[in-house]
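To keep things clear, I will list the structure first and then write my remarks on it.
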Amino acid sequence: TVEAEALLRKASEKDNAIFKGHTHPVSIIKSIISFDKKTIFSLAIDGYLYAWDVSSGKLLFREKKQDGWTESMCINPDGTRLATASHDKTVLVWDISNPHNPKPIGTPILHSAPVSQIEYTNDGNYIISGLSNGNICIISKNEIISEIQDNNNLDYKDIEGLSISRDNRVFVLTWESIHIWDFQEGS
């Protein structure tokens, strides 16, 4: 987000704004800032979730709850939950109401293939997950309620990106194309 980028720019003007502590290469630093605007969350290929103090760069939290490479994460609209996607075929939802001490909510949600992308819907009631086999899953209350396969385009694999529009259309980016599902109708 623009706000997150501005906070990172402000933090980078200080000598101590380097976020050190990852033990493996960082797979993603998505502009996920807690609602208190004081914490940044990041993932690394070692499967750990990290929380950092924006102003000091200090590592606040580091915990591993997924076995595979964690590649994607998203935050719900009210900023109280964060979901992480892993190549171990799971999505894990975290309670981040206290960003200094995130807690897993339930057990990891098992999918049929490695999970490459995730996004919350605009109302925060669902998580849409994109799988390496090209399927899309809909998660509600920590369980998969639907797995959708685009039967017209089985030539692609691995979902590279997900985005949800304000009218809840799901845009799915693959290596070769963009696909659109109407989330309300499941088509």
**OP:** Grab the two heavy atoms, one from Ala83 and one from Val91, that are nearest each other, plus how far apart they are.
**Re:** CB-CG1, 4.3 Å

**OP:** Taking side-chain hydrogen bond (donor to acceptor under 3.5 Å, both in side chains) as the test, write out the residues that go with Asn122, two or more places apart.
**Re:** Asn168

Subject >> Joint cluster assignment, Ile145 & Leu110, ILVMFWY side-chain distance < 4.5 Å >> reply: no

**OP:** Consider only side-chain N and O atoms of Thr39 and Trp52, and report whether a donor and an acceptor are under 3.5 Å apart.
**Re:** no

Original post:
Who pairs with Thr107 by side-chain contact (heavy atoms from CB on, under 4.5 Å), at least two apart in sequence or on another chain?
Top reply: none

Subject >> Residues forming a side-chain hydrogen bond (donor to acceptor under 3.5 Å, both in side chains) with Thr90, sequence neighbours excluded >> reply: Gln66, Asp88

**OP:** Mind checking the CZ-OH spacing from Phe61 to Tyr50? Nearest 0.5 Å is all I need.
**Re:** 11.0 Å

Original post:
What residues form a side-chain hydrogen bond (donor to acceptor under 3.5 Å, both in side chains) with Glu147, not counting sequence neighbours?
Top reply: Ser112, Asn135

**OP:** Kindly give the heavy-atom pair with the smallest separation between Met73 and Phe41, and that separation in Å.
**Re:** CE-O, 3.0 Å

Subject >> Donor-acceptor pair, side chain of Ser116 and main chain of Ile159, under 3.5 angstrom >> reply: yes

**OP:** Among Leu92, Ile105, Ile127, find the one that has a side-chain contact (heavy atoms from CB on, under 4.5 Å) with Asn142.
**Re:** Ile105

**OP:** Measure the spacing between CD1 of Ile109 and OG of Ser86 and express it to the nearest 0.5 Å.
**Re:** 12.5 Å

**OP:** List for me each residue that meets ring pair (Phe, Tyr, Trp, His ring centres under 6.0 Å) alongside Tyr120, sequence neighbours excluded, and say none if there are none.
**Re:** none

Original post:
Rounded to the nearest 0.5 Å, how far does OG of Ser146 lie from OH of Tyr126?
Top reply: 10.5 Å

Original post:
Does a side-chain N-to-carboxylate-O contact under 4.0 Å join Glu143 and Lys141?
Top reply: no

Subject >> Gap between atom CD1 of Ile118 and atom NE2 of His111 - 0.5 Å precision >> reply: 8.5 Å

Original post:
Of the non-hydrogen atoms in Pro77 and Gly124, which two are nearest, and what is the gap between them?
Top reply: CD-CA, 3.5 Å

**OP:** List the steps, then state whether side chain to side chain contact (heavy atoms under 4.5 Å, CB included) holds for Ser129 with Ile139.
**Re:** CA-CA 8 Å; Ser129 56; Ile139 299 168; 4.0 Å; yes

Original post:
Which heavy-atom pair separates Arg81 from Ile96 by the least distance, and what is that distance?
Top reply: N-CG1, 3.7 Å

Subject >> Main-chain N/O of Pro102 paired to Asn98 side chain as donor or acceptor, under 3.5 Å >> reply: no

**OP:** Please report the shortest heavy-atom distance between Ile136 and Gly130, naming the atom on each side.
**Re:** CD1-CA, 4.2 Å

Original post:
How would you list, by chain and number, every residue that makes a side-chain hydrogen bond (donor to acceptor under 3.5 Å, both in side chains) with Ser97, sequence neighbours excluded?
Top reply: Asp95

Original post:
From Leu131 CG over to Gln149 CD, what is the distance, rounded to the nearest 0.5 angstrom?
Top reply: 10.5 Å

**OP:** Show your working on side chain to side chain contact (heavy atoms under 4.5 Å, CB included) between Leu43 and Tyr48 and close with a plain yes or no.
**Re:** CA-CA 6 Å; Leu43 300 171; Tyr48 282 86; over 6 Å; no

Original post:
How long is the gap from CZ on Arg169 to OG on Ser163, to the nearest 0.5 Å?
Top reply: 13.0 Å

Subject >> Thr121 vs Ile138 side-chain heavy atoms within contact, under 4.5 Å >> reply: no

Original post:
Shortest non-hydrogen contact from Pro114 to Lys89?
Top reply: N-CG, 3.6 Å

